[in-house]
Amino acid sequence: MLDIRLIRDNAEQVKQRLAGRSGDFASLVDEVLAIDTQRRAAETERQKLQSDRNRISKEIGMAKKSGQDTSAIEAEVRGIGTRIDEIGREADVADARQRDLLLSIPNLPHEACPVGESAEQNPEVRVWGTKPEFAFEPKDHTHVAGALGMIDFEAGAKISGSAFVVYRGAGARLERALISFLLDLHTTQHGYEEISPPLLVKSECLVGTGQLPKFGDQVYHSAADDLYLIPTAEVPVTNLHRDEIVAHEKLPINYAAYTPCFRREAGSAGLGTRGLIRMHQFDKVELVKITTPETSMAELESLTANAEKVLQLLGLHYRVIELCTGDIGFGSAKTYDIEVWAPGQGTYLEVSSCSNFGDYQARRMNLRYKDENGKNRIPHTLNGSGTALARLFVALVETYQQADGSILIPEALRGHFGAGKIG
RNA sequence: GGUGAGGUGGCUGAGUGGUCGAAAGCACAUCUUUGCUAAAGAUGCGUAGCCUUAUCCGCUACCGAGGGUUCGAAUCCCUCCCUCACCGCCA
């Protein structure tokens, strides 16, 4: 959520920076400005009337004590009460409308965010490793892992429908090994605290991180309980500190969480047709940071480096791209995507999206921190996958497949997996 | 799911209709004094909104949440949520 004062005082600048995004938000800014004027006028009027009522009510109390008749003056205050109700409703409606509008305006892209219209203009930041060479035609992971009995799409479809999968045997074990490899790496080498959160959350959490109200059709919802299945651990983990004032000594806060992620993928083309690449449910280890505004950009670099380390240790070729203003996520101010090479696909797959949200999420969830001078300030929040599992699984299987159909397990993972190869 | 007890400021905890945003204690900050690894005293110390050139002043709201009664609600009434205990059920 943007600061209404920022919009009020720098409307043109705000519009200009939002213009870099895809979509037109200038009219929303105008609308919020208009409602803000209305809201403040009503609020001022209401408070003046309340002040009158408080004063007169006090006089009634004192008059009654001294035995005077107060019926005339009571009637007068009744009139004020009616007026307060009327103007109060007006103020409340305007206030709610203003909040709705603010919640549907995306974050301002950071000055450091490259300007561009779409994904084609995302600059490549760096490349690690090289595309592996094969003495044979590398196969798709569905064939390699399918032949070894590691994944079963038919079983997934039978139980839950399309775009669900059952991992089994070495596949299930590989998935589990990856999860503990990732968590161990981030908690013991990178200084993150491990979190295992609930997978069902209240709507407030989704508003806090920005999925609601705009993207409600992408999350699973249990109407009977009004709870939502998390689309990413970002939601419960960042909201751990919703409505809190955190002491500055605690910053930066670093959390790592493994959770399954649930996404409806409504309207996604090609859902489930490319093996494990786009599923309704997938595992992910998420990294979340809460930092001071001064350090958030440096923390974005370290968070991204922490995620990259995963691919380096597994010996997987990848590239890092920076999202341009036209491609950046709704709440993000600056984002790096890490894309791993999948030889069987002949393409790079996004396995991590590392974003600095600035104060956008923190303001939505009323998260603050007390600085060195005892002043309440709004911290910055960041998150990134470290990394998504299903696609990591794809890259691993496709990169380490052998001519005989077996899969080699990279050195770094052998301790967790308990073997050097599959098949 | 049932029954009972509760939800007050960073914490503990008073407060059952009228100068209560709320006593007191603890914690914290600044200052003073004695002195020295501590003690005593003074002062200050919640959040948000409105007004405003202003983080001054002033005003408003907030005592789990939302409604209601009343001239006036932390205090009375209703609904809901949460915590704790016991029972039931259960991985």
Side-chain angles (χ1 to χ4, degrees), chain A residues 1-10 32-103 196-208 222-228 236 239-251 253 260 290 292-293 359 362-379:
Chain A
M1 189 159 75
L2 300 181
D3 185 356
I4 181 62
R5 269 166 284 215
L6 177 74
I7 299 177
R8 210 185 279 155
D9 300 338
N10 306 285
V32 95
L33 243 23
I35 205 82
D36 179 54
T37 305
Q38 267 181 49
R39 185 194 115 252
R40 286 189 293 153
E43 192 59 44
T44 304
E45 175 69 6
R46 162 157 70 178
Q47 292 186 358
K48 185 192 158 295
L49 291 168
Q50 282 173 327
S51 176
D52 289 346
R53 181 175 66 183
N54 288 346
R55 180 173 42 77
I56 299 172
S57 287
K58 245 169 221 174
E59 287 168 13
I60 291 173
M62 288 189 283
K64 278 198 162 167
K65 244 175 211 159
S66 58
Q68 298 171 40
D69 173 53
T70 56
S71 49
I73 196 165
E74 278 180 35
E76 183 197 332
V77 181
R78 243 189 297 270
I80 296 179
T82 312
R83 183 82 188 107
I84 288 175
D85 286 346
E86 288 166 8
I87 196 82
R89 257 192 300 279
E90 237 175 82
D92 289 343
V93 166
D95 191 64
R97 176 74 187 137
Q98 177 173 319
R99 183 170 166 82
D100 283 351
L101 288 169
L102 285 174
L103 287 178
S196 182
L199 307 181
L200 286 161
V201 297
K202 302 177 185 180
S203 62
E204 296 96 291
C205 295
L206 289 154
V207 171
S222 166
D225 307 287
D226 196 23
L227 289 171
Y228 295 80
N239 276 283
L240 243 24
H241 297 284
R242 178 161 52 90
D243 284 321
E244 283 186 9
I245 300 175
V246 178
H248 68 86
E249 295 91 340
K250 295 201 169 165
L251 302 181
I253 290 171
I290 300 173
T292 62
D359 61 10
R363 187 172 281 110
R364 288 171 83 104
M365 67 176 75
N366 194 27
L367 161 60
R368 288 158 296 169
Y369 77 99
K370 206 169 272 295
D371 72 9
E372 296 78 356
N373 304 313
K375 210 177 161 219
N376 290 336
R377 298 179 63 197
I378 303 179

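Just so it is clear: chains get the letters A, B, ... in the order the sequence lines come, proteins before strands, and each one is counted from 1. FYI, side chains are in, hydrogens and waters are out, and symmetry mates aren't considered; it's all heavy atoms of this structure.
With C1' as the reference atom, A24(B) and G9(B) are 13 Å apart, rounded to whole Å. With both ends at atom P, the span from C11(B) to A23(B) equals 16 Å, rounded to whole Å. Atom P of A40(B) sits at a distance of 47 Å from the matching atom of C51(B), rounded to the whole Å. Nucleotides G67(B) and G58(B) place their P atoms 30 Å apart, quoted to the nearest Å. Distance check on atom C1': G13(B) versus U8(B) gives 9 Å, rounded to whole Å. Atom name P, nucleotides G18(B) and U55(B): the rounded distance is 36 Å, in whole Å. Between the P atoms of C28(B) and U70(B), the separation comes to 48 Å (whole Å). G21(B) and C62(B): their C1' atoms are spaced 9 Å apart (whole Å).
When rounded to the nearest whole Å, the span between NZ of Lys202(A) and C1' of C80(B) equals 12 Å. The separation between Glu372(A) atom CD and U30(B) atom P is 14 Å, rounded to whole Å. For Lys375(A) and U55(B), the NZ to C1' distance is 6 Å, given to the nearest whole Å. For Ile35(A) and C50(B), the CD1 to P distance is 14 Å, given to the nearest whole Å. The interatomic distance linking Glu249(A) (CD) with C28(B) (P) rounds to 13 Å, in whole Å. As rounded to whole Å, 15 Å separates atom P of U70(B) from atom CD1 of Ile84(A). Following rounding to the nearest Å, Asp92(A) (CG) and A48(B) (C1') show an atom-to-atom distance of 15 Å. Spacing between atom CD of Gln50(A) and atom P of C51(B) amounts to 14 Å, rounded to whole angstrom units.
Note on Ile60(A): a base of the nucleic acid sits closer than 4.0 angstrom, heavy atoms only. At the heavy-atom level, Arg377(A) lies nowhere under 4.0 Å from the strands shown.
Side-chain nitrogen and oxygen atoms of Arg39(A) include at least one within less than 4.0 Å of the OP1 or OP2 phosphate oxygen of C50(B). Dashed line: the shortest gap from a side-chain N or O of Arg368(A) to OP1 or OP2 of A48(B) is under 4.0 Å. Distances shown here put a side-chain N or O of Asn54(A) below 4.0 Å from the OP1 or OP2 atom of A61(B). Of the side-chain N and O atoms in Lys370(A), one or more sit less than 4.0 angstrom from OP1 or OP2 of U47(B). For the OP1/OP2 pair of C71(B) and a distance below 4.0 Å, the side-chain nitrogens and oxygens of Arg53(A) include no atom meeting the criterion. The side chain of Arg5(A) places an N or O atom within less than 4.0 Å of a non-bridging phosphate oxygen (OP1 or OP2) of G49(B).
Atom NZ of Lys370(A) has more than 12 heavy atoms from other residues, nucleotides or ligands within 6.0 Å.
Closest to the side chain of Glu74(A), out of C51(B), C71(B), G49(B), is C71(B). Distances were taken from every side-chain heavy atom of Ser57(A) (C-beta onward) to each of C50(B), G72(B), U47(B); the shortest belongs to G72(B). Comparing C51(B), G18(B), A48(B) by their closest approach to the side chain of Arg40(A) singles out C51(B). Of the candidate nucleotides C51(B), C71(B), G49(B), C51(B) has the atom nearest to the side chain of Thr44(A).
A residue-by-residue look at Gly61(A) and Ile245(A) shows that Gly61(A) has its nearest nucleotide of RNA chain B further toward the 5' end. Each of Ser51(A) and Asn366(A) was matched to the nucleotide of RNA chain B holding its nearest heavy atom; the match closer to the 5' end belongs to Asn366(A).
Note on Asp36(A) versus Arg40(A): salt bridge recorded, some NZ/NE/NH1/NH2 to OD/OE distance being below 4.0 Å. Between Arg55(A) and Asp52(A) there is a salt bridge, since a side-chain N of the basic residue sits under 4.0 Å from a carboxylate O of the acidic one. Under 4.0 Å is where a charged nitrogen must lie from a carboxylate oxygen, and between Lys64(A) and Glu74(A) at least one such pair does.
Shown here, C56(B) forms no base pair; nothing in the strands shown gives a Watson-Crick or G-U wobble contact with both key distances under 3.5 Å. Nucleotide A24(B) forms a Watson-Crick or G-U wobble pair with U12(B), both donor-acceptor distances falling under 3.5 Å. A40(B) and U32(B) make up a base pair, with Watson-Crick or G-U wobble contacts both under 3.5 Å. The base-pairing partner of C76(B), taking Watson-Crick or G-U wobble contacts with both distances under 3.5 Å, is G68(B). Base-pair partner of U3(B): A85(B) (Watson-Crick or G-U wobble, both distances under 3.5 Å). Under the Watson-Crick and G-U wobble criteria, each requiring two contacts below 3.5 Å, nucleotide A61(B) is paired to U47(B).
Residues Ile253(A) and Leu251(A) have side chains in contact (heavy-atom distance under 4.5 Å, counting atoms from C-beta outward). Residues Tyr228(A) and Leu200(A) fail the side-chain proximity criterion, which asks for heavy atoms closer than 4.5 Å.
Asp3(A) places a side-chain N or O within donor-acceptor distance of the main-chain N or O of Arg5(A), the cut-off being under 3.5 Å. Listed for the Arg363(A) side chain is a donor-acceptor partner under 3.5 Å among the backbone atoms of Met1(A).
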